[in-house]
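Computation of the quantities below employed the complete heavy-atom set of this structure, encompassing side-chain atoms and omitting hydrogens, waters and symmetry-equivalent molecules.
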Amino acid sequence: ILEDSFIWAMLIFRIGKVSPFRTLLFDGVKELNYHANATDTEYLVMDWQQRLTALFYAIYWPNKPLINYKNPYKFFIKIDKLLERDYENDNIPEDTVISYSIAENKYKSLLNENNKYNIEKLVENKLFPFSFCWSTNFHEDFDYDDVIQLFTEEYKEEKIKLKKIIKRVENFEINILKIEDNKNNEV
């Protein structure tokens, strides 16, 4: 998504009221919405389950450890690395997206006394929480001006580049191939 690369299409199956398959929620959904029910669904993801699960975890940060880990992880975009993108070869540096366990001192140092992000610490570390790209509370928690603070006036070109990247990520589209259940007589 950060590279703005084509990532193929998600295959979903519209099932109507009754699924012909056993259905499961994405890992972590119950931690965020205890009312979620795998049998109360209209679409099934047939291809892309692993990618969607990874994106769900990175974006919504359920309070659930990853498999084989003791603590939940939070994901961040390193702004300075993102701006090092090699546009000629269309590559982003490998350590552009990083993660911290919530038990790590490095993660805890990013929080204020209310366990909310300390904007000054995020700016100082040039970190942008991955979930803020899609957060419905994005502008309440951390707005563009806070991100742009990462660079002083001498970095006008970087500020422009960063604004374009944020807009691109916010507007990123995934191709979806929908298959209808013919039993429902829908097209």
Side-chain angles (χ1 to χ4, degrees), residues 1-5 7 10 23-38 40-41 45 48-85 91-151 158-159 161-163 165-174:
I1 292 174
L2 291 177
E3 290 180 354
D4 199 26
S5 300
I7 51 177
M10 180 188 318
T23 57
L24 301 170
L25 293 172
F26 289 124
D27 203 19
V29 167
K30 278 287 193 194
E31 285 73 16
L32 294 173
N33 179 358
Y34 66 92
H35 294 296
N37 184 342
D40 186 24
T41 185
V45 177
W48 248 65
Q49 298 96 329
Q50 289 177 315
R51 288 184 200 116
L52 278 176
T53 299
L55 278 171
F56 177 86
Y57 192 92
I59 293 168
Y60 292 106
W61 294 357
N63 192 22
K64 180 179 179 67
L66 294 166
I67 295 173
N68 299 322
Y69 288 87
K70 184 178 177 181
N71 297 299
Y73 273 72
K74 309 297 183 186
F75 292 81
F76 299 87
I77 299 168
K78 288 207 48 85
I79 300 295
D80 53 342
K81 294 292 183 181
L82 183 61
L83 292 174
E84 289 175 14
R85 179 178 183 175
N91 293 326
I92 290 180
E94 204 170 292
D95 55 350
T96 300
V97 176
I98 61 170
S99 63
Y100 296 122
S101 161
I102 62 167
E104 285 182 59
N105 287 334
K106 180 66 176 172
Y107 174 74
K108 291 176 182 178
S109 74
L110 301 172
L111 305 175
N112 63 25
E113 60 279 350
N114 298 321
N115 277 337
K116 299 282 184 188
Y117 285 113
N118 179 325
I119 300 299
E120 290 77 27
K121 288 290 186 183
L122 291 172
V123 169
E124 177 184 315
N125 289 279
K126 293 184 171 49
L127 294 175
F128 186 76
F130 201 75
S131 68
F132 289 174
C133 294
W134 291 274
S135 171
T136 55
N137 297 328
F138 179 81
H139 295 290
E140 293 172 23
D141 295 335
F142 194 83
D143 72 24
Y144 292 121
D145 293 331
D146 292 324
V147 176
I148 303 308
Q149 278 186 69
L150 295 170
F151 305 96
E158 284 80 359
K159 287 181 180 187
K161 205 186 303 183
L162 184 58
K163 283 182 179 182
I165 291 169
I166 291 169
K167 280 291 187 197
R168 188 177 66 229
V169 169
E170 280 190 327
N171 296 316
F172 189 83
E173 293 183 9
I174 297 171

* Asked: Would you call the rings of F76 and Y107 parallel, tilted or perpendicular if under 30° counts as parallel and over 60° as perpendicular?
  -> tilted
* To do: Hey, can you tell me if F56 and Y60 have their rings parallel, tilted or perpendicular (30° and 60° cut-offs)?
  => tilted
From [X] [atom1] over to [Y] [atom2], what is the distance, rounded to the nearest 0.5 angstrom?
X	Y	atom1	atom2	result
L110	N115	CG	CG	11.5 Å
T53	R51	OG1	CZ	11.5 Å
N63	I102	CG	CD1	5.5 Å
K81	D95	NZ	CG	4.5 Å
N125	I79	CG	CD1	12.0 Å
L25	L32	CG	CG	11.0 Å

Where [X] and [Y] come nearest, the two heavy atoms and their spacing:
X	Y	result
V45	Q49	O-NE2, 3.1 Å
P62	P72	O-CB, 4.1 Å
S99	E104	O-OE2, 4.4 Å

Is the backbone of [Y] close enough, under 3.5 Å, to the side chain of [X] for a donor and an acceptor to pair up by distance?
X	Y	value
T23	A38	yes
S109	K106	yes
N114	K116	no
K30	A36	yes
Y57	K64	yes

* Between W48 and I174, is any pair of side-chain heavy atoms under 4.5 Å apart? -> yes
* Does the side chain of Y117 come within less than 4.5 Å of L111's, by heavy atoms? -> yes
* Asked: Residues two or more places apart in sequence or in another chain: which of them pass side-chain contact (heavy atoms from CB on, under 4.5 Å) with N68?
  -> none
